Amino acid sequence: MSGLNEQQYEAVHYRGKSMLVLAGAGSGKTRVITERIAALVEREVPLDAITAVTFTNKAAKEMRQRLKKRLGKKEKKLRICTFHALGLEMIREHAALVGRSSKLAVFAESEQRAALRSVLQDLRLPSDKERIDILKKQLTAIKSGQQQDVDPRAQRICDEYDTFMQRMNAVDFDDLIVLPAKILAEHEDVRWLWRARCRHFLVDEYQDSSRTQYDLVKCLVTTEQNLTVVGDDDQAIYGWRGADAGNLFQLEKDYPALHVIRLEQNYRSTGAILSTANTLIANNSQRIGKELRSNMGMGKAVRVWQVKESDDEAERVAADLRAQYAKEDAKWQNMAVLYRAGYQARVLEIALREANVPYHVSGGLSFFERSEIKDVLAYLKLTVNMTDDLSFIRAISKPRRGVGAKTLAALSDFAATRSFSLLEACLEAPTEIRKADAMASFGRSIVDMEHGFLHLEPDTAFDQMLEASRLIGMIESEAKDEKETTRKTSNIESLRAYWLRYSEAGGQLDGFLQQIFLQSNKDEEADESSVRLMTVHAAKGLEFDHVYVVGMEDGTFPHKNALDEGRIEEERRLLYVAITRARYRLTLSMARRRKRYGQTETLDASRFLAELENKHVDWVDRDPESAGAKEEVEDSMARIREMLGL
DNA sequence: AACGACATAGTTTTT
DNA sequence: CTATGTCGTT
């Protein structure tokens with residue numbers, strides 16, 4: 001237990017019912033939560049009475065790993081998972097109570113859209129992207145009971161959508177939180193079962209919880225139970241997505257005995273960096289208030305760069321990354337370039353490539369969002385859950401079997417008259433429906449696949465499925481080059497390996513598929529030795545020796561839309577998160593003119609830069625023009641070099 | 001059903 | 001600029 005400071009120790013060993021730990025960036029929050037769980041176990045609290053929830057799989061995984069080191073085998077019996085995984089567990093166990101079976105499918109966002117589109121079309125309503133966007137939000141609000149007086153038309157769509165999802169034996173991400181709350185509210189026996197399992201309930205990153213998630217917590221944890229909540233109001237950056245840091249304040253009302261502990265000792269960054277962070281965040285009015293303290297000395301001043309063009313900015317970052325690498329023997333993977341929005345990555349990529357700096361862009365399509373993976377998954381999902389019409393449509397269209405919208409509509413009508421799923425319908429499709437033979441043989445091959453997964457070895461079953469789907473042939477014929485084919489087939493090979501690993505541990509296909517949809521799995525950040533390029537959002541929870549925050553202009557960071565909508569404080573927290581990622585060296589940079597959507601705009605310095613006036617901040621080139629002049633010298637040097645043929 | 005021309009919009013995105 | 005989606009043509 002050594003090495004805990006006074007506040008950490010108190011947080012780990014507090015014996016009262018409810019506690020809020022306000023944990024600043026880099027204050028050892030994960031350590032505290034894992035030590036607290038370990039302490040509970042050592043106090044002989046039954047393992048089945050402890051539940052810890054996080055928001056990301058990564059965080060859950062890390063917590064598990066630490067506890068495994070600390071407790072050994074016992075770790076396996078602890079319930080440590082994401083909010084959504086907990087919800088899924090509850091729904092699976094009590095599926096019948098919400099009109100599902102335990103083999104239910106979890107619909108990712110794209111599938112939820114498709115489901116909504118289908119519902120709208122059935123109701124003969126327009127189903128364009130914009131409307132679906134609006135409805136999706138509205139649906140979330142209605143389902144969670146947030147909206148007061150619901151427009152009856154929206155309610156109708158919501159009800160239809162629910163029926164549709166039940167018929168598909170599917171749930172969406174919202175359902176994973178809403179349905180468990182509903183089950184708990186309506187069934188007393190289930191309520192007591194889960195309250196026993198959550199006798200000690202711990203929540204990480206609480207500032208990112210939504211109202212719905214908090215409602216679930218309240219159902220699960222009475223004031224007689226033990227609630228530990230860890231969070232940081234200054235790092236709440238998902239408000240736009242329904243997270244409500246106000247949940248932190250609400251706790252005090254719902255759990256009157258709440259004990260509050262602050263962790264302000266930071267073990268990550270230099271004094272200069274923390275001083276900058278403190279100065280910035282002090283401008284927010286909506287905060288509990290805390291000051292991070294460093295234990296590392298002042299360190300190097302925070303640099304601020306002002307350059308003329310966004311291209312120059314990227315080049316300068318690239319050059320400096322190289323210089324740091326050479327000078328300080330820093331490793332590439334300890335450096336990161338952070339930006340407000342994804343499109344800013346492109347200029348940086350070009351410059352880094354030019355400068356021969358190895359880099360890796362985080363974000364983009366996740367593994368499970370790639371089309372070839374979605375295709376394979378459609379077959380697998382249909383195999384497990386034959387009522388999943390959306391997977392049916394994807395599977396039967398890939399590869400193309402000459403079945404298009406018209407044929408599907410006919411099949412769908414036929415299915416409706418007999419209350420069949422599309423798969424059942426195609427097995428018995430009357431000959432007057434076009435392509436009836438082809439569809440019937442497709443249907444039989446799916447039934448074969450099901451049989452395979454039930455009776456054959458996992459690898460044989462997978463290979464049989466892949467073979468029968470003819471997806472590999474489709475990839476080979478549609479790819480524009482050899483590289484694309486190998487990329488896609490090796491992705492499928494990864495999925496296969498993943499499935500084999502899961503099945504070797506005794507898992508079934510239905511569990512495998514459910515698991516997958518809870519994992520955003522942004523490609524496991526394969527590249528070890530490379531500079532990381534990512535949005536500030538993606539950087540949360542990470543730390544780097546050297547951090548560059550680019551695009552410090554008004555309109556870029558803070559983002560223009562946030563500015564217009566008066567969401568300045570969240571933008572400020574976002575920069576606070578960015579700053580507190582840095583351990584030793586922080587560089588902020590702005591460009592006077594930025595290329596955006598093919599046009600060049602002239603921008604002012606970010607209002608946040610003005611707030612950083614501080615003796616630990618070094619404005620390397622205050623006057624943008626001087627920076628420009630320097631670039632001009634370099635330009636002419638480059639031209640001379642070119643003329644000399646170098 | 002498939003393809004290509006045209007239009008349109010373009011923060012952030014744990015699950 | 002460019003990624004995505006819609007619409008019209010074959």
Side-chain angles (χ1 to χ4, degrees), chain A residues 53-62 81-88 106-110 112-113 117 126-130 132-133 136 140 171-178 204-210 212-213 235-243 310 338-347 350 362-366 368-369 397 399-408 434-435 478 514-522 534-542 551 555-565 567 570-571 573-575 577-578 594-601:
Chain A
V53 295
T54 62
F55 282 85
T56 64
N57 292 301
K58 210 161 108 192
K61 207 168 145 191
E62 192 187 336
C81 57
T82 62
F83 250 111
H84 289 84
L86 178 70
L88 177 62
V106 179
F107 278 3
E109 200 191 311
S110 58
Q112 190 194 357
R113 303 191 103 84
R117 167 160 298 164
S127 57
D128 51 290
K129 189 171 169 285
E130 198 185 16
I132 286 180
D133 268 345
K136 209 162 76 67
T140 309
V171 294
D172 62 28
F173 280 132
D174 293 333
D175 293 333
L176 289 174
I177 307 301
V178 175
D204 193 13
E205 301 276 16
Y206 188 70
Q207 76 283 352
D208 292 335
S209 68
S210 65
T212 334
Q213 282 162 333
Q235 290 187 73
I237 55 173
Y238 285 103
W240 52 274
R241 214 189 163 183
S310 47
L338 310 182
Y339 35 82
R340 176 65 245 263
Y343 72 86
Q344 292 173 260
R346 191 168 302 150
V347 239
I350 294 167
S362 303
L365 272 195
S366 91
F368 299 109
E369 283 163 357
S397 321
R400 301 196 187 288
R401 292 181 171 82
V403 176
K406 270 266 165 60
T407 319
L408 273 174
R434 255 189 308 148
K435 299 274 177 183
E478 284 184 0
Q514 289 165 353
Q515 200 60 38
I516 272 176
F517 285 90
L518 294 182
Q519 283 172 23
S520 76
N521 215 345
K522 295 284 184 211
M534 64 185 104
T535 64
V536 181
H537 284 91
K540 193 172 147 213
L542 304 177
T556 315
F557 199 171
H559 191 275
K560 189 177 177 307
N561 295 0
L563 232 40
D564 293 346
E565 290 159 31
R567 293 179 355 234
E570 181 153 311
E571 294 289 301
R573 290 193 291 270
L574 197 51
L575 182 56
V577 167
R594 178 167 298 276
K595 247 187 246 150
R596 204 168 156 226
Y597 307 139
Q599 295 191 103
T600 306
E601 300 177 78

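Quantities reported herein were computed from a predicted structural model and do not represent experimental measurements.
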Practice problem: Let me see the working for A:Arg573 and A:Glu570 under salt bridge (charged side-chain N to carboxylate O under 4.0 Å, His left out), right down to the final yes or no. | Solution: CA-CA 5 Å; A:Arg573 290 193 291 270; A:Glu570 181 153 311; 3.4 Å; yes
Can you tell me how far [atom2] of [N] sits from [atom1] of [X], to the nearest Å?
X: A:Met534; N: B:dT14; atom1: CE; atom2: C1'; result: 14 Å
X: A:Glu565; N: B:dT11; atom1: CD; atom2: P; result: 11 Å
X: A:Leu574; N: B:dT13; atom1: CG; atom2: P; result: 10 Å
X: A:Glu570; N: B:dT14; atom1: CD; atom2: C1'; result: 14 Å
X: A:Lys595; N: B:dG10; atom1: NZ; atom2: P; result: 22 Å
X: A:Lys58; N: B:dT13; atom1: NZ; atom2: P; result: 13 Å
X: A:Asn57; N: B:dT13; atom1: CG; atom2: P; result: 17 Å
X: A:Lys560; N: B:dA9; atom1: NZ; atom2: P; result: 16 Å

Below 4.0 Å: OP1/OP2 of [N] and any side-chain N or O of [X]:
X: A:Asn561; N: B:dT12; result: no
X: A:Arg596; N: C:dC1; result: no
X: A:Thr535; N: B:dT13; result: yes

What's [X] touching, base or sugar-phosphate or nothing? Going by heavy atoms closer than 4.0 Å.
X: A:Arg401; result: nothing
X: A:Val403; result: sugar-phosphate
X: A:Gly541; result: nothing

Practice problem: Give the intermediate values and the outcome of salt bridge (charged side-chain N to carboxylate O under 4.0 Å, His left out) for residues A:Asp208 and A:Lys540. | Solution: CA-CA 12 Å; A:Asp208 292 335; A:Lys540 193 172 147 213; 2.3 Å; yes
Practice problem: Could you tell me whether A:Lys595 atom NZ has more than 12 heavy atoms of other residues or ligands within 6.0 Å of it? | Solution: no
Quiz item: Pick the nucleotide of DNA chain B nearest each of A:Ala562 and A:Ser209; which residue has the one closer to the 5' end?
Solution: A:Ala562
Exercise. Please figure out whether A:Glu571 or A:Arg400 has its closest DNA chain B nucleotide nearer the 5' end.
Key: A:Arg400
Exercise. Look at the side chain of A:Arg346 against the base of C:dT2 and say whether a donor-acceptor pair falls under 3.5 Å; ignore hydrogens and angles.
Key: no
Quiz prompt | Check: A:Arg241 side chain, B:dT15 base, donor-acceptor under 3.5 Å | solution =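 Such a pair exists between side chain and base.
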Quiz item: Quick one: OG1 on A:Thr54 to NZ on A:Lys58, what's the gap to the nearest 0.5 Å?
Solution: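 So the OG1 of A:Thr54 and the NZ of A:Lys58 are separated by 11.5 Å.
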Quiz item: Short question: side chain of A:Gln213, backbone of A:Ser210 - any donor-acceptor pair under 3.5 Å?
Solution: yes
From the list [options], which nucleotide is the closest neighbour of the side chain of [X]?
X: A:Trp240; options: B:dT12, B:dT11, B:dT14; value: B:dT12
X: A:Ala538; options: B:dT15, B:dT13, B:dT11; value: B:dT13
X: A:Arg340; options: B:dT14, B:dT11, B:dT15; value: B:dT11

Quiz item: Which value, in whole Å, describes the distance between the C1' atoms of nucleotides C:dA3 and B:dT14?
Solution: 25 Å
Quiz item: Are A:His84 and the base of B:dT15 stacked, counting only ring centres nearer than 5.5 Å and planes tilted under 30°?
Solution: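 Ring-base stacking flag not set for A:His84 and B:dT15.
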Self-check item: Ring centroids of A:Phe83 and B:dT15 base under 5.5 Å with planes under 30°
Solution: no
Practice problem: Take A:Gln207 and A:Glu205, measure what side chain to side chain donor-acceptor pair (under 3.5 Å) needs, and give me the verdict at the end. | Solution: CA-CA 6 Å; A:Gln207 76 283 352; A:Glu205 301 276 16; 2.7 Å; yes
